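Not measured: the values here are computed from a predicted model. When reading the values below, keep in mind they use all heavy atoms of this one structure, side chains included, and skip hydrogens, waters and symmetry mates.
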Amino acid sequence: MTDPKPVWRAAEITATGFAFQHPLDPSSKCTMAPVSRMAGMKDVAVNVVTIAPGEQAFPYHTHHGEEEWMYIVSGAASVRLGDETHTMADGDFVAFYKSGPSHCVRNIGTSELVCLMGGHIVSAKVIDMPELDKRVTWTDAGVHEAPLSAFRQFAPPSPPKGEA
């Protein structure tokens, strides 16, 4: 295995970007360059995400157990955050809290929307996509999806007396 490369130039980042189309929502698409992964980072995710005019990068979703954020480098965005929609532009920042309101980002401008998106890396992910009625789990056992409506809350069993 080679040593990680800590320095990446803009031209290299652009050349490394790949087209991403969400497998559960083909209308969600963007170009991504996973710069933190490219640099060998293990605990933090930072991606350069480019969204074409009129496009949405990812389905409306919520992450349970991890925080995300977005910083707009250039362009105009509509950020849906729960029941609110925010118009955002160059230099604006938004935090997406774990188990917080669902969110999505759409390019509302006439040129590409370029963002830095990221968060911390967790070993197991649970992602709800309410408009698609999907829950996705991402663990060492693989990536699985099921109807969100199939899940229900339940109380874990109480420990036997004398055990905590």
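Within the structure, every pair that satisfies the side chain to side chain donor-acceptor pair (under 3.5 Å) test and touches residues 93-104, not counting sequence neighbours, is listed here: His61-His103, Thr62-Ser102, His64-Ser99, Glu68-His103. Sequence neighbours left out, the pairs with a member in residues 136-145 that pass side chain to side chain donor-acceptor pair (under 3.5 Å) are Lys134-Glu145.
The closest side-chain heavy-atom distance from Met129 to Val136 is below 4.5 Å. Residues Pro53 and Thr110 are not in side-chain contact: their nearest non-hydrogen atoms beyond the backbone lie 4.5 Å or more apart. Using a 4.5 Å cut-off on side-chain heavy atoms (C-beta onward), Leu116 and Ile72 make no contact. By the 4.5 Å heavy-atom criterion applied to side chains, Ser78 and Thr87 are not counted as neighbours. Using a 4.5 Å cut-off on side-chain heavy atoms (C-beta onward), Met117 and Trp69 make no contact. Using a 4.5 Å cut-off on side-chain heavy atoms (C-beta onward), Met38 and Ile13 make contact. Between Lys5 and Glu12, the closest side-chain pair of non-hydrogen atoms falls below 4.5 Å.
For the residue pair Pro4 and Gly40, the shortest heavy atom distance occurs at CB-CA, 3.9 Å. Considering all non-hydrogen atoms of both residues, Ala45 and Ser36 come closest at CA-OG, 3.2 Å.
Between the side chain of Tyr71 and the backbone N or O of Val94 there is no donor-acceptor pair closer than 3.5 Å. A donor-acceptor pair is defined here as one N or O able to donate and one able to accept, closer than 3.5 Å; no such pair exists between the side chain of Glu55 and the backbone of Lys29. Asp25 places no side-chain N or O within 3.5 Å of a backbone atom of His22 that could act as its donor or acceptor partner. A distance-only check finds no donor-acceptor pair linking the side chain of Asn107 to the backbone of Ala77 [under 3.5 Å].
The same ILVMFWY cluster, assembled from side-chain heavy atoms under 4.5 Å apart, contains both Leu113 and Phe18. Tracing side-chain contacts under 4.5 Å through hydrophobic residues (I, L, V, M, F, W, Y), one reaches Phe93 starting from Val35; they form part of the same cluster. At a threshold of 4.5 Å between side-chain heavy atoms, the hydrophobic network of Ile, Leu, Val, Met, Phe, Trp and Tyr places Met70 and Val48 in two separate groups. Cluster membership check: Trp8 shares its hydrophobic cluster with Val44, using side-chain heavy-atom separations under 4.5 Å among Ile, Leu, Val, Met, Phe, Trp and Tyr.
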Residue pair Ile121, Asp43: steps toward the side-chain contact (heavy atoms from CB on, under 4.5 Å) verdict: CA-CA 5 Å; Ile121 295 173; Asp43 298 324; 5.7 Å; no

Verdict with supporting geometry, Val143 and Lys125, side-chain contact (heavy atoms from CB on, under 4.5 Å): CA-CA 9 Å; Val143 180; Lys125 297 181 181 198; over 6 Å; no

side-chain contact (heavy atoms from CB on, under 4.5 Å) assessment of Ile51 paired with Val105: CA-CA 9 Å; Ile51 309 167; Val105 178; 4.1 Å; yes

Audit row: Ser74, Asp90, side-chain hydrogen bond (donor to acceptor under 3.5 Å, both in side chains) steps and yes/no: CA-CA 5 Å; Ser74 63; Asp90 303 12; 5.5 Å; no

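For the atom pair CD (Glu131) and CG (Leu148), the distance works out to 11.5 Å, reported to the nearest 0.5 Å. Expressed to the nearest 0.5 Å, how far CE of Met88 lies from SG of Cys115 amounts to 9.0 Å. To the nearest 0.5 Å, the span separating OG1 on Thr50 from CD on Glu112 amounts to 5.5 Å.
Relative ring orientation between Phe20 and Phe58 is described as tilted, the plane-to-plane angle lying within the 30° to 60° band.
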